[in-house]
Amino acid sequence: ETAVIKQLDSQFSKTNLFHTCFEARDFIPGEDHISNIRDAIWCSKKTVCIVTKEFLKDGWCIEAFNLAQSRLYTELKDVLIMVVVGRLPQFKLMRCSPIRTFVRSRHYMHWPEDFQDLGWFYEKLAKSILKEEKIKKQSDVVLQTISKQIGNWSSEHISTIDTVTPSCVAH
């Protein structure tokens, strides 16, 4: 995962095409982790999520994906690009609720296994980042389902969610 992200940074910074944001380099020290993630997502033109086996196991990564997806639905703009790296079976993607929601309604990319395809992949990714596209509003059925689920939560669940203190996880 780290190698892939460094490759993207190297590829795009060499051409001065895009500036990439990385936790270790760009997050503000002393600010809480979730605020750094939120600010990076909401201040960026687009968010590219590199999905690996490790990504699917990391709560911070899933939370970042949730925030990026919420921006996508709030702005109704195509601001989230998902890139799957490695041989990740479809059923593993579908286990994760936010990714399942994304996969069912959006296209995603696969990191090429063959080194010769990297140039084509970078070009396709750059076009996706530069492309301005509105998305269709989700149907009311999805919104009703969510509101029913929220209505079923007890006040105990809500207060627990409000008081969770995240711990720091290094990526």
Side-chain angles (χ1 to χ4, degrees), residues 1-9 11-12 18 20-23 33-34 36-115 117-153 161 164 166 169 171:
E1 183 178 356
T2 304
V4 169
I5 291 171
K6 285 181 180 178
Q7 265 187 293
L8 282 175
D9 185 40
Q11 176 66 27
F12 292 137
F18 305 110
T20 53
C21 175
F22 293 106
E23 177 181 344
H33 200 66
I34 200 72
N36 273 307
I37 293 170
R38 183 198 60 231
D39 293 346
I41 289 169
W42 284 86
C43 293
S44 298
K45 178 180 176 94
K46 297 214 177 171
T47 301
V48 177
C49 285
I50 307 297
V51 178
T52 62
K53 289 177 187 175
E54 292 77 24
F55 180 100
L56 295 173
K57 295 174 188 173
D58 188 326
W60 285 114
C61 292
I62 300 303
E63 188 58 33
F65 192 90
N66 271 327
L67 287 169
Q69 191 164 232
S70 70
R71 179 177 173 213
L72 176 122
Y73 292 127
T74 300
E75 293 184 3
L76 296 177
K77 288 183 181 176
D78 193 12
V79 293
L80 175 58
I81 298 168
M82 186 172 98
V83 178
V84 176
V85 177
R87 296 179 189 258
L88 200 55
Q90 186 76 7
F91 79 90
K92 288 195 177 189
L93 291 175
M94 299 308 263
R95 277 188 197 164
C96 181
S97 180
I99 291 180
R100 181 176 55 245
T101 302
F102 183 85
V103 166
R104 286 182 175 164
S105 62
R106 316 284 309 144
H107 295 287
Y108 60 96
M109 302 172 72
H110 285 273
W111 187 270
E113 291 183 26
D114 189 342
F115 183 74
D117 294 332
L118 278 176
W120 168 84
F121 174 79
Y122 291 139
E123 187 177 313
K124 186 175 176 182
L125 181 58
K127 284 181 182 177
S128 293
I129 293 169
L130 293 170
K131 186 177 177 182
E132 293 289 333
E133 186 177 318
K134 294 276 186 184
I135 62 169
K136 293 181 181 178
K137 188 174 181 178
Q138 292 291 89
S139 71
D140 291 338
V141 175
V142 174
L143 297 175
Q144 289 173 0
T145 303
I146 291 170
S147 71
K148 285 180 185 175
Q149 288 173 350
I150 291 172
N152 291 334
W153 285 359
I161 290 169
V164 169
V169 176
H171 296 284

Interatomic spacing from NZ in Lys131 to NZ in Lys124 - rounded to 0.5 Å: 10.0 Å
Val83 and His110, any side-chain heavy atoms less than 4.5 Å apart: no
Heavy-atom side-chain proximity of Ile37 to Glu63 below 4.5 angstrom: no
From CD1 (Ile129) to CG (Asp78), nearest 0.5 Å: 11.0 Å
Min side-chain heavy-atom separation Thr52-Leu56 under 4.5 Å: no
Test item: Lys46 side-chain N/O and Ile41 main-chain N/O as donor-acceptor pair under 3.5 Å: no
Lys45 NZ: over 12 foreign heavy atoms closer than 6.0 Å: yes
More than 12 heavy atoms from other groups under 6.0 Å of CZ on Phe91: yes
4.5 Å side-chain heavy-atom contact, Met82 and Val48: no
Gap between atom CG of Leu130 and atom CG of Leu125 - 0.5 Å precision: 9.5 Å
For Phe55, the option from Ile99, Ile50, Val84, Leu88 that meets side chain to side chain contact (heavy atoms under 4.5 Å, CB included): Ile99
Any Thr47 side-chain heavy atom under 4.5 Å of Val79 side chain: no
ring-ring contact (aromatic ring centres under 6.0 Å, His included), paired with Phe65, selected from Trp60, Phe102, Tyr108: Phe102
Any donor-acceptor N/O pair, Gln69 side chain to Pro98 backbone, under 3.5 Å: yes
